[in-house]
Amino acid sequence: MNKHIDLIKKWLNDKDSVATEELKQNSEAAQALAFAAQATSIAYAAPNSEGFVLATERVAHWVERYEELAR
């Protein structure tokens, strides 16, 4: 299972089991992951190589950001 979903399920079962800061960090990491996935879709739908390169740069940015946040 996805670690971000697991944390939310834990929180849903017991609101006191997860700190607010942990929820915030989880949210930020999950958003970065979602943005990377969206940018990947845009890259492969790009009508030309310039659009593909720009979108893949965004993918790299969001993957890097996710890795920073998911530690």
Checklist line | Within 6.0 angstrom of E50 CD, more than 12 heavy atoms from elsewhere | finding: no
Item checked: Considering all heavy atoms, the nearest A39-A55 contact -> O-CB, 4.0 Å
Note to self: Under a 3.5 Å distance rule, please check whether N26 uses its side chain to pair with a backbone N or O of E22 as donor and acceptor.
What the structure shows: no
Notebook entry, point to check: side-chain contact (heavy atoms from CB on, under 4.5 Å) with D14: which residues, sequence neighbours excluded?
Noted result: D16, S17
Notebook entry, point to check: Between A46 and G51, which heavy-atom pair has the shortest distance, and what is it?
Noted result: CB-C, 3.6 Å
Notebook entry, point to check: With sequence neighbours left out, what residues match K15 under salt bridge (charged side-chain N to carboxylate O under 4.0 Å, His left out)?
Noted result: none
Check: Minimum heavy-atom separation for V59 to A36, with atom names?
Finding: CG2-O, 4.0 Å
Item checked: Pairwise side-chain hydrogen bond (donor to acceptor under 3.5 Å, both in side chains) hits with a residue in residues 55-70, at least two apart -> H4-Y66, R65-E68
Next item on the list: Before giving the answer on side-chain contact (heavy atoms from CB on, under 4.5 Å), spell out for D6 and N2 the whole-Å C-alpha distance, their side-chain angles and the decisive distance to 0.1 Å.
Entry: CA-CA 6 Å; D6 287 342; N2 181 295; over 6 Å; no
Notebook entry, point to check: By side-chain contact (heavy atoms from CB on, under 4.5 Å), which residues pair with S41, not counting sequence neighbours?
Noted result: none
Note to self: Would you compute the distance between atom CG of L33 and atom CD of Q38 and round it to the nearest 0.5 angstrom?
What the structure shows: 12.0 Å
Next item on the list: Output the rest of the hydrophobic cluster of L23: all Ile, Leu, Val, Met, Phe, Trp and Tyr residues reachable through side-chain heavy-atom contacts under 4.5 Å, sorted by chain and number.
Entry: L7, I8, W11, L12, V18
Check: F52: which other cluster members, linking ILVMFWY side chains closer than 4.5 Å, directly or transitively?
Finding: Y44
Check: What pairs of residues pass the salt bridge (Lys or Arg N to Asp or Glu O under 4.0 Å) test when at least one of them lies in residues 24-42, not counting sequence neighbours?
Finding: K24-E28
